[in-house]
Amino acid sequence: MRYWLMKSEPDTFGIDHLKRVKVEPWSGVRNFTARNFMMSMEQSDIVLFYHSSCQEPGIYGLGKVAKLAYPDATQFDTKSPYFDKRAKKDKPLWYNVDVSFVEKWARPVLLTEMRANPKLTTMITLQPGSRLSVTPVTQKEFEEISKYNA
DNA sequence: GCCAACGTTGGC
DNA sequence: GCCAACGTTGGC
């Protein structure tokens with residue numbers, strides 16, 4: 001069992017959307033490092049749901065990997081902003097997992113709080129200039145973040 | 001809306 | 001295979 005942080009803009013798709021639909025393909029990732037992380041995910045890995053590009057960036061709850069990585073349908077969809085003409089059905093370029101809703105936290109763990117916590121300085125997403133939308137989280141980091149909602 | 005940091009693209 | 005130009009991310 002491993003832990004991952006996955007970013008999403010709440011205006012587009014936030015934790016409340018996931019709660020409503022229960023399970024969602026995490027499509028639209030167009031970065032090779034992030035894609036590779038998704039392809040390495042295992043069933044029931046825990047997802048820390050991070051809201052970015054919003055008033056209060058931070059982690060708002062948990063999801064889990066409901067389906068292992070498979071070809072991202074939006075790469076073949078000419079009407080999608082994520083369409084990629086280089087991708088072929090028999091040779092897909094982009095993959096996504098399905099993420100299912102686990103819980104929304106009573107209160108978010110804000111980016112400012114994580115930055116202020118010396119035990120979380122190792123988090124990839126807190127490194128200067130880090131923009132990856134999918135990053136691994138260690139068990140120690142996960143446990144530290146969990147304390148905020150204990 | 002600004003801008004720094006970074007990944008990707010494409011010409012050579 | 002290098003690297004400049006470009007586009008995107010995401011906090012502020």
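- At the phosphate of dG10(C), OP1 or OP2 sits under 4.0 Å from a side-chain N or O atom of Lys7(A).
- In this structure, CG of Leu111(A) is placed 6 Å from P of dG11(C), rounded to the nearest angstrom.
- Under 4.0 angstrom from either OP1 or OP2 of dT9(B) there lies at least one side-chain N or O belonging to Arg86(A).
- Judged purely by distance below 3.5 Å, without hydrogens or angles, the side chains of Tyr95(A) and Asn36(A) never pair a donor atom with an acceptor atom.
- Following rounding to the nearest Å, Phe32(A) (CZ) and dT9(B) (C1') show an atom-to-atom distance of 11 Å.
- Distance CG (Asp84(A)) to P (dT8(B)): 12 Å, rounded to an integer number of Å.
- Here Tyr50(A) does not reach the OP1 or OP2 of dT9(C): none of its side-chain N or O atoms lies under 4.0 Å away.
- Atom-to-atom, CG of Leu110(A) to P of dC12(C) comes out at 11 Å; the value is rounded to the nearest Å.
- With hydrogens and angles ignored, no donor-acceptor pair closer than 3.5 Å exists between the side chain of Arg30(A) and the base of dT8(C).
- If you take CZ of Arg115(A) and P of dG10(C), they are 12 Å apart, rounded to a whole angstrom.
- When ring centroids are compared, Trp4(A) and Phe37(A) come within the 6.0 Å threshold.
- For the pair Lys64(A) and Glu103(A), the salt-bridge criterion is not met [side-chain N within less than 4.0 Å of a carboxylate O].
- Atoms CH2 (Trp94(A)) and P (dG7(B)) sit 13 Å apart, rounded to a whole Å.
- What separates NE2 of His51(A) from P of dC12(C) is a distance of 17 Å, to the nearest Å.
- In this structure, Met6(A) atom CE and dG10(C) atom C1' are separated by 17 Å, rounded to whole Å.
- Every residue meeting the side-chain contact (heavy atoms from CB on, under 4.5 Å) condition with Val99(A), not counting sequence neighbours, appears here in chain and number order: Met6(A), Leu18(A), Trp26(A), Val47(A), Val97(A).
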